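Remarks on the structure that follows.
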Amino acid sequence: MNLDFEKPVSEIEEAIADLKAKNPEPSADVKAELDKLEASRLASLKSVYASLTPWQMVQVARHPDRPLIRDFLAGLCSEFIELHGDRHFGDDQGMIGGFATLDGIRVMVIGHQKGRTLEDKIKCNFGQACPEGYRKALRLMKLAEKFHVPVIAFIDTPGAFPGKDAEERGQAEAIARNLLEMAVLKTPVIAIVTGEGGSGGAIGIGVGDVILMLSNAVYSVISPEGCASILWRDGTKAPEAANALKITAKSLLDLKIADEIVPEPVGGAHRDYPGTMAATRKVLVKHLKRLQGLSSKKLLKRRFDKYAAMGRFR
Amino acid sequence: MNLDFEKPVSEIEEAIADLKAKNPEPSADVKAELDKLEASRLASLKSVYASLTPWQMVQVARHPDRPLIRDFLAGLCSEFIELHGDRHFGDDQGMIGGFATLDGIRVMVIGHQKGRTLEDKIKCNFGQACPEGYRKALRLMKLAEKFHVPVIAFIDTPGAFPGKDAEERGQAEAIARNLLEMAVLKTPVIAIVTGEGGSGGAIGIGVGDVILMLSNAVYSVISPEGCASILWRDGTKAPEAANALKITAKSLLDLKIADEIVPEPVGGAHRDYPGTMAATRKVLVKHLKRLQGLSSKKLLKRRFDKYAAMGRFR
Amino acid sequence: MGWFTKRHETAPKPESKEDIWIQCPACKAHIYKEEWEKSFKVCSQCSYHERMTWRERVDLLIDPKTFTELSAKVSFNDPLKFSDAKGSYAEKAAETRTKTGLNESIVTGYGKMGGIKVVVGVMDFRFLGGSLASGTGEKILQAALYALKQRWPFIIVSASGGARMHEGMVSLMQMPKTCAALAQLREAGLPYVSVMTDPTTGGVSASYAMVGDIHIAEPKALIGFAGRRVIEETIKQKLPDDFQTAEYLLEHGFVDMIVPRKDLKNTLTQLLKYYGRR
Amino acid sequence: MGWFTKRHETAPKPESKEDIWIQCPACKAHIYKEEWEKSFKVCSQCSYHERMTWRERVDLLIDPKTFTELSAKVSFNDPLKFSDAKGSYAEKAAETRTKTGLNESIVTGYGKMGGIKVVVGVMDFRFLGGSLASGTGEKILQAALYALKQRWPFIIVSASGGARMHEGMVSLMQMPKTCAALAQLREAGLPYVSVMTDPTTGGVSASYAMVGDIHIAEPKALIGFAGRRVIEETIKQKLPDDFQTAEYLLEHGFVDMIVPRKDLKNTLTQLLKYYGRR
Ligand SMILES: [Zn+2]
Ligand SMILES: [Zn+2]
């Protein structure tokens with residue numbers, strides 16, 4: 001599925017398909033033409049993705065084919081032992097987790113699950129976790145602390161689930177509790193925003209020693225649509241809001257909120273899973289090795305200093 | 001309300017009432033007769049209560065007028081600041097708690113609430129706590145630990161609530177969690193069985209450095225009725241089961257499970273609240289003062305040794 | 001997580017020319033202004049708790065002449081150079097500063113409460129809906145660290161619609177920032193009490209307001225994470241009237257007690273007296 | 001909290017004279033005895049997991065010839081001198097001991113599991129329904145303390161209807177006793193894994209079985225606190241068929257994973273490999 005702003009690419013792809021259909025057994029000339037078209041397709045893709053607007057990045061971050069947590073687990077980890085439940089109320093499918101092995105390093109993975117099929121998406125609340133999801137994540141983080149393995153938190157959510165039951169079971173408390181506990185969790189935490197970093201629902205598992213973002217991922221205090229409808233009183237002004245909110249990986253690197261950007265392959269993560277995995281693995285492993293070398297005292301001091309400095313401009 | 005086995009007392013009371021009714025303006029003779037009857041009523045009460053069977057004690061422990069936790073709070077404490085909620089799901093009325101001051105000593109009180117009126121009883125599930133009750137109790141105990149005040153747990157429950165929802169929200173987990181956390185809670189804990197100590201529902205807040213029992217309280221692994229219907233295959237054999245199960249304060253003192261018995265006034269706690277409060281206060285204060293003198297290291301070692309020795313007979 | 005939370009008109013409007021009457025925003029009763037102020041802006045007819053300014057709240061809670069402000073110079077920032085349809089955030093915030101005399105949505109300081117030394121943070125809804133932004137977070141952090149240093153209890157009185165979107169992710173990051181500061185207090189065994197007043201929602205409810213050792217709410221205060229409208233759209237049904245009220249949260253286990261304003265200082269003082277080994 | 005939990009006939013009865021067939025208690029299919037045993041008493045037709053003896057469980061989990069029993073001499077006690085309609089507890093327990101060769105409802109020991117040194121406790125339902133009594137508690141305590149001393153992980157495989165009422169309050173007190181032992185492991189940072197098999201109910205579910213770092217259940221195992229009949233009487237309605245099954249508990253957040261018996265050793269070994277700095 002191509003996005004609206006990928007129209008130049010779509011046109012070339014149509015021309016390629018057209019030429020192929022008309023020439024089931026392509027001559028040398030046609031083949032040369034196809035090669036030319038393919039080169040121009042790539043050039044066009046590169047050019048489109050070189051200058052994505054924040055709002056276009058939102059579209060890429062939400063692309064239906066974008067790799068989800070289970071794709072990362074399959075692509076990055078040689079083993080994943082999923083663990084379930086918050087030991088209080090339920091097992092939220094919108095937040096999953098378990099032990100995993102990445103490049104021989106044993107870790108605890110937690111993260112939002114959006115689901116691929118419609119059935120899955122419904123089960124996962126479209127990646128909007130409930131209080132029991134945040135509590136499951138916390139339980140697993142505490143288990144990681146006890147087992148002396150680092151935590152990797154994969155962030156990809158439109159936000160915490162805004163349901164009646166979720167409020168009643170303490171959505172606010174669950175997120176707040178995680179923020180407090182993660183601040184003093186005695187094991188390294190890497191947060192990586194792979195798609196949408198949706199506000200409180202994202203930060204609820206996002207207190208990392210390192211905050212990574214895929215190059216087309218976005219991270220925002222409010223959805224551009226939500227912001228536009230409040231501040232512009234017009235939901236269609238989402239592109240303006242996306243711009244003003246500074247939600248891209250590049251902007252957040254400048255604001256010293258993101259620590260490093262994981263470069264996506266040309267055309268976005270959804271066009272090249274293996275390329276995305278290779279880039280992600282490289283950055284994760286680098287930070288895992290660096291953080292594992294720190295004493296827990298030093299780790300916690302650095303983490304505190306990092307968050308204490310957030311928004312300190314003088 | 002007199003109990004079945006109090007018939008000798010009831011008969012004398014009827015005689016007194018009769019005599020009073022017949023003599024609205026009693027003569028000296030009648031007055032002397034009334035005094036004699038009153039003396040004999042007291043003697044009878046004393047004699048009945050001196051030889052209560054275990055099953056009769058169960059009736060006393062369950063007496064509708066027996067002092068409940070709020071009566072103890074009112075009778076023992078100069079201040080009670082009730083705190084609410086488990087911070088996860090709800091505020092169980094079957095388990096209450098808060099800061100209280102007893103003889104100038106600041107403590108945290110937790111305990112089962114049976115309720116006095118029918119409406120209250122229903123709200124409290126008749127003193128059968130739900131998982132959120134045990135979790136509220138744990139939260140308050142942790143708060144007591146942080147605030148460096150001792151915990152007094154008032155035990156009076158037929159058992160943990162055996163409902164579908166309670167099972168789904170982890171009745172077993174909530175009780176188990178409390179047992180583990182109480183074992184290492186760094187503040188003194190006094191458990192006092194004031195009425196019915198009903199199995200897992202009682203022990204779920206009952207891991208004390210000291211276990212006290214009112215003299216007519218009972219504490220049992222299973223209700224006599226339940227035991228009778230399983231082992232005798234006949235619920236009416238509850239008196240036999242009550243006997244066999246060794247559930248009285250005296251038996252449990254012999255088994256080194258109860259540490260001390262709080263003597264109830266003649267005729268049971270329900271006949272004399274002030275007397276009950278005075279006796280309870282005396283014993284509580286003695287143990288509070290003793291336990292507060294211990295370092296937390298020593299306290300925890302003693303607590304561990306106490307429970308490790310439970311049921312060790314060789 | 002916007003900071004827009006309407007309930008009633010925020011400022012009671014005097015109805016008579018003599019300015020001696022206040023109309024209760026909730027029940028519309030006319031109350032003598034003097035009575036209204038003596039009852040700490042609580043309606044004597046319907047016990048509606050009107051929002052308080054930070055100064056009124058400090059006067060309510062802190063012993064006279066014992067309050068010293070902390071971080072007085074910390075003000076709002078404009079890290080995004082944010083502008084929306086109505087103009088620039090910097091201008092709007094500066095205007096608010098001029099109008100209210102506030103540098104940010106919270107005032108922090110220390111003083112005595114019933115004779116007990118405490119550090120307090122008091123949010124003020126007048127400053128952009130009490131929204132949580134970098135200045136707010138920094139002031140809370142500094143106050144918490146001051147409490148840590150002095151080993152005094154810490155109290156925050158929240159009144160906020162949530163994160164201030166004009167500071168974007170910098171605002172969101174104040175949630176972990178403030179909680180990291182509170183975590184230091186916890187590790188040191190120091191008490192932290194959260195007082196939730198109307199409204200305590202969004203990113204404030206999902207950070208420092210909900211991790212207190214003790215949670216106190218004012219009667220009928222709106223407390224919740226997501227907005228009512230968003231939830232109704234999600235679940236496609238109307239929510240009960242008392243949804244997300246203090247009373248509702250008490251029932252659901254997230255609030256220890258609901259305390260009428262007149263008793264607040266006394267209750268807080270009584271509670272802190274239980275904290276031993278100071 | 002009785003230990004009477006019926007599901008199907010406990011011991012599969014060989015049907016043919018040649019004793020080469022086993023009838024599955026669940027689906028009634030006839031299975032070759034050899035196949036039945038090779039699949040660790042799991043039905044190849046319906047994957048019913050028959051209860052295992054402690055020895056079968058140890059053979060399933062512990063590397064051959066590495067198991068050493070602990071507390072072998074700890075046996076049952078009769079602190080109450082208990083008798084019921086059917087006679088004395090002491091006689092009944094002694095009979096059971098003779099019949100099963102077991103001293104109590106659990107066997108504890110240490111050995112290697114996939115090369116990892118572990119301490120294990122394995123309950124055996126044949127001993128008075130795997131009920132928790134003073135001997136059981138003492139063995140668990142001693143095993144936990146051994147794990148603490150060696151700094152090895154601890155695993156308990158539960159199979160129990162709950163507290164043994166014949167030992168009265170002494171039995172109930174094994175709940176805090178075992179949890180106090182596990183608390184020592186936790187304070188020392190040592191892992192404890194709880195494996196719940198059919199049945200894990202009553203006082204066992206409400207103590208050591210439910211406080212694991214990781215909870216593993218066998219498929220369809222009955223796990224719960226109160227008995228189904230008692231709950232149905234309380235709520236005056238029928239419970240769903242899958243109520244209190246392992247699958248139900250997984251859904252409600254109390255079980256980390258349901259692991260078929262053939263994978264149990266491998267899964268446990270994999271999990272314990274994640275425990276660092278041993
Ligand atoms: Zn009013
Ligand atoms: Zn079968």
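In the text below, chain A, chain B and the rest are named by the order of the sequence lines, each starting its count at 1. Note that the coordinates shown come from a computational prediction; the quantities given were computed from them, not determined experimentally.
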Between atom [atom1] of [X] and atom [atom2] of [Y], what is the distance when rounded to the nearest 0.5 Å?
{"X": "Lys246(B)", "Y": "Phe82(D)", "atom1": "NZ", "atom2": "CZ", "answer": "9.0 Å"}
{"X": "His252(D)", "Y": "Asp165(B)", "atom1": "NE2", "atom2": "CG", "answer": "9.5 Å"}
{"X": "Leu179(B)", "Y": "Thr178(D)", "atom1": "CG", "atom2": "OG1", "answer": "7.5 Å"}
{"X": "Tyr219(B)", "Y": "Met169(D)", "atom1": "OH", "atom2": "CE", "answer": "4.5 Å"}
{"X": "Ser223(B)", "Y": "Met165(D)", "atom1": "OG", "atom2": "CE", "answer": "9.5 Å"}
{"X": "Lys164(B)", "Y": "Thr234(D)", "atom1": "NZ", "atom2": "OG1", "answer": "13.5 Å"}

Is [X] atom [atom1] crowded by more than 12 heavy atoms from other residues, nucleotides or ligands, each under 6.0 Å away?
{"X": "Asp305(B)", "atom1": "CG", "value": "yes"}
{"X": "Glu91(D)", "atom1": "CD", "value": "no"}
{"X": "Lys256(B)", "atom1": "NZ", "value": "no"}

Counting only heavy atoms closer than 4.5 Å, note whether [X] contacts chain B via side chain, backbone, both or neither.
{"X": "Glu233(D)", "result": "neither"}
{"X": "Glu167(D)", "result": "neither"}
{"X": "Tyr208(D)", "result": "neither"}
{"X": "Tyr89(D)", "result": "neither"}
{"X": "Leu141(D)", "result": "side chain"}
{"X": "Ser205(D)", "result": "both"}
{"X": "Glu187(D)", "result": "side chain"}
{"X": "Gln184(D)", "result": "side chain"}
{"X": "Leu145(D)", "result": "side chain"}
{"X": "Ile231(D)", "result": "both"}

So, do His166(D) and Leu231(B) sit near enough that their side-chain heavy atoms are less than 4.5 Å apart?
->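 In contact.
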Are Met173(D) and Ile203(B) side-chain neighbours, meaning at least one heavy-atom pair lies under 4.5 Å?
->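 Sidechains of Ile203(B) and Met173(D): in contact.
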To check you understand the geometry: which heavy-atom pair defines the closest contact between [X] and [Y], and what is its length?
{"X": "Phe225(D)", "Y": "Ala160(B)", "answer": "CE2-CB, 3.7 Å"}
{"X": "Val221(B)", "Y": "Ala163(D)", "answer": "CG2-CB, 3.6 Å"}
{"X": "Val184(B)", "Y": "Ala183(D)", "answer": "CG1-CB, 3.7 Å"}
{"X": "Ala176(B)", "Y": "Met210(D)", "answer": "CB-CB, 3.8 Å"}

Quick one: which of [options] has the most heavy-atom pairs under 4.5 Å with chain B, could you say?
{"options": "Ser207(D), Gly135(D), Gly137(D), Ser83(D)", "answer": "Ser207(D)"}
{"options": "Gly224(D), Pro176(D), Ser134(D)", "answer": "Pro176(D)"}
{"options": "Ser171(D), Pro240(D), Cys179(D), Gly227(D)", "answer": "Cys179(D)"}

Lys/Arg N to Asp/Glu carboxylate O, Arg186(D) vs Glu181(B), below 4.0 Å =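 Between Glu181(B) and Arg186(D) there is a salt bridge, with a charged N closer than 4.0 Å to a carboxylate O.
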Verdict with supporting geometry, Glu168(B) and Tyr248(D), side chain to side chain donor-acceptor pair (under 3.5 Å) | CA-CA 8 Å; Glu168(B) 289 176 351; Tyr248(D) 199 80; 2.3 Å; yes
Is there a donor-acceptor contact under 3.5 Å from the side chain of Glu138(D) to the main chain of Met310(B)?
->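 Judged by distance alone, no pair lies under 3.5 Å.
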So, does Glu173(B) use its side chain to make a donor-acceptor pair with the main chain of Ala206(D) at under 3.5 Å?
->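 Looks like no, no N/O pair under 3.5 Å.
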Which region of Arg303(B), side chain (C-beta onward) or backbone (N, CA, C, O), has a non-hydrogen atom less than 4.5 Å from a non-hydrogen atom of chain D, or is it both or neither?
->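 It is neither, since no heavy atom gets under 4.5 Å.
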Quick one: what part of Leu180(B) sits under 4.5 Å from any heavy atom of chain D, side chain, backbone, both or neither?
->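 For Leu180(B), the contact with chain D is made by backbone and side chain together.
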Option in Leu255(B), Val207(B), Asp254(B), Leu300(B) with maximal non-hydrogen atom pairs under 4.5 Å from chain D |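 Of Leu255(B), Val207(B), Asp254(B), Leu300(B), Leu255(B) has the most heavy-atom pairs under 4.5 Å with chain D.
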